[in-house]
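Here is the structure we will look at, set down as structure tokens.
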There are 2 protein chains.
Amino acid sequence: MAAVTQNIEDQIAQAIETMTRTERQLASYILRHYPVALLGSVTQLAKAAEVSSPTVVRLAQKMGFGGYPGLQQAVREELEARLVSPLAKHDRWAEAAPDTHMLNRFADAVLGNLQATLAQIDHAQFDATAELLADPERRIFATGGRITLPIADYFTTHMKVIRPGVELLEPVSNAWPPAMLEMRAGDVLLVFDIRRYENNVLQLVEMAADQGAEVILITDPWVSPAARHARYRFSAQIEVPSAWDSTVALQVLVETLMAAVQSLTWEETASRMKRLEGLYERARFFQRGK
Amino acid sequence: MAAVTQNIEDQIAQAIETMTRTERQLASYILRHYPVALLGSVTQLAKAAEVSSPTVVRLAQKMGFGGYPGLQQAVREELEARLVSPLAKHDRWAEAAPDTHMLNRFADAVLGNLQATLAQIDHAQFDATAELLADPERRIFATGGRITLPIADYFTTHMKVIRPGVELLEPVSNAWPPAMLEMRAGDVLLVFDIRRYENNVLQLVEMAADQGAEVILITDPWVSPAARHARYRFSAQIEVPSAWDSTVALQVLVETLMAAVQSLTWEETASRMKRLEGLYERARFFQRGK
DNA sequence: AAAACTCTGAAAATATCTTGACACAAACCA
DNA sequence: TGGTTTGTGTCAAGATATTTTCAGAGTTTT
């Protein structure tokens, strides 16, 4: 266990175990905006974290600071110690561990990948893709390789809520024909394919393209051979210090695309979500309402 | 208006020319203790600088901040920019498009989430978790909810290459019993559970814990109720400008964990990968060698 | 050297913040 | 299901903080 006087950030992170739901919401906000969140008034913090002011005060008290001013004072002191040192350390997580720790190396790589990936995206292409996926006349299919299929799965799970007519295609040869029968010209196939491009996937894309489907490809910087058949293509950076490639950048792309589609189809989507909510409610599927 | 908003420190240093004697004394104190001096109350600052409180207020007003609170707010904002790592702020890709474009908003949110998530991880806990997952004596099971199951799937897909004895558990009530029979004391269950915590998942965790399994939980900042049974817990930030939560930070956690496990078991893993490679080769599964 | 002006701090007025009391709602338990 | 506990927000009182007012000290001007 850590020493007695650890920094406030850790203290809060640790105490989160024993907190109530609203308090966690507050604590989470504080940690995400640490330490600036604690420099303002109770009221400001409460509003920003979307809780009531007594909740803020109570948390400060529970944590053993006399009250909010006490907590604030502690933060200021900690900040003073941190700011006095000449070079304000830019990498916060790097402080705690050597640069050689896997966490830091991985984090650096991932952040770099994301920056590079996002910087390369053509906004017009992105918007056009979102519109294609939002078009209610088209059905949407998604597929991927051994590694990327879970992303396609994730995509369809969410898209099925956003709009009707969304299916996951597993790239297993004998499962295609029926699915392929369903595909009409104008339908959209979203394909994830990163290196060690699999024959299965390429074949599936080819068949879909033959049937007149619009193919959207999410691949790596070396570009899958399926690109030949793709209307739109996005390349994500995937290299990390590991024997495998990282799919994080793909994931970000997918989530961003879904957010864009969702905002295009908001009216329809909102009503679908509401209905789904009702179904879950009746099935007591989740822990509690809220 | 002062469109050219330089930093406050310089602003004060420059204005010192035009100040009165007492004001200079105050300004000098502020500069010597910048920025901490400006985080407290007027009274504290006045006392510390040995001037009166009206002097403090007057200075703040003269400098063109509405009053002391205005100055304080400005300092906090400046501080925020300084304390948040530059990576979190959009630099390059933001130029190409308006800030309101989904791509930028999402990118900002995701990078912020990653930073906050990684900053909160306890390295000792991370290392201990990796060791648990690398222990060949223990079998590994992974599961997740409706949204997070693809991540568990992704995890098992990779882990199966890294080591033997890895299984995905789908949280469907009638599919548990056989899998549960397999579980022995000391086995490890990796659970993904983010909000709208599902009853299924909680039940599965409870059963596993009863059987003596070590539970590792990857959840959100509000913490799944399954935490009660977890040996180790990691909280990932998940909020993005969308109707859904983002699983990107979870994904990063998983990939990082796998990289750590892989480096612990490298010898075994390398030979397994080699054998797998041979199998793929014979099945002509991939496009071409490389 | 007196008058006018400027600067400063004491003190009061005003605004804002913090925190306790309470009531309602949700979760838990029997 | 009904009773009990726990958690959360509203409100308002009390505490602090900020700002204005004003008088006197110091400085400059004539």
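Below, each value reflects all heavy atoms present in this structure, side chains not excepted, and no hydrogens, waters or symmetry copies. Lettering follows sequence order; numbering is per chain, from 1.
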Practice prompt. Just call it for B:R58: base, sugar-phosphate, or nothing, with non-hydrogen atoms closer than 4.0 Å on any strand.
Written response: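 Here B:R58 touches the bases of the nucleic acid.
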Between [N] and [X], is there an OP1 or OP2 to side-chain N/O distance shorter than 4.0 Å?
X: B:T43; N: D:dT16; result: no
X: B:Q72; N: D:dA17; result: no
X: B:Q25; N: C:dT8; result: no

Discussion item. Both B:T20 and B:S53 contact DNA chain C. Which one's nearest nucleotide lies toward the 5' end?
Written reply: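 Result: B:T20.
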Discussion item. Assuming nearest nucleotide by heavy-atom distance, tell me which of B:V51 and A:Q44 is located more 5' along DNA chain C.
Written reply: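 Nearer the 5' end of the strand: B:V51.
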Fill in: B:D122 versus B:Y232, side-chain donor and acceptor atoms under 3.5 Å
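B:D122 and B:Y232 do not have a side-chain donor-acceptor pair below 3.5 Å.
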Practice prompt. Consider only side-chain N and O atoms of B:S242 and A:Q262, and report whether a donor and an acceptor are under 3.5 Å apart.
Written response: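 Checked: B:S242/A:Q262 side chains pair up, N/O donor to acceptor below 3.5 Å.
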Nearest whole angstrom, please: distance from the [atom2] of [N] to the [atom1] of [X].
X: A:E23; N: D:dT6; atom1: CD; atom2: P; answer: 14 Å
X: B:R24; N: C:dC7; atom1: CZ; atom2: C1'; answer: 13 Å
X: A:L38; N: C:dT18; atom1: CG; atom2: P; answer: 12 Å
X: A:L59; N: C:dT18; atom1: CG; atom2: C1'; answer: 15 Å
X: B:L45; N: D:dT18; atom1: CG; atom2: C1'; answer: 13 Å
X: B:L71; N: D:dT19; atom1: CG; atom2: P; answer: 10 Å
X: B:K47; N: C:dT8; atom1: NZ; atom2: P; answer: 21 Å
X: A:M19; N: D:dT6; atom1: CE; atom2: P; answer: 19 Å

In terms of side-chain heavy atoms of [X], which of [options] is nearest?
X: B:V57; options: C:dT18, C:dG20, D:dT18; answer: D:dT18
X: B:T22; options: C:dG20, C:dG9, C:dT18; answer: C:dG9
X: B:P54; options: C:dG9, D:dT18, D:dG9; answer: C:dG9
X: A:V42; options: C:dT18, D:dT10, C:dG9; answer: C:dT18

Practice prompt. Kindly say whether B:G186 contributes a backbone atom to a donor-acceptor pair with the side chain of B:R138 at under 3.5 angstrom?
Written response: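 Yes: the side chain of B:R138 pairs with the backbone of B:G186.
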Item to complete: Before accepting this row, confirm whether a basic side-chain N of the pair B:D220/B:R195 lies closer than 4.0 Å to the acidic partner's carboxylate O.
Response: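 Result for this pair is no, no salt bridge flagged.
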Worksheet item: Should B:V191 and B:F141 be marked as a side-chain contact (heavy atoms from CB on, under 4.5 Å) after you check the CA-CA gap, both sets of side-chain angles, and the distance that decides it?
Response: CA-CA 8 Å; B:V191 190; B:F141 298 86; over 6 Å; no
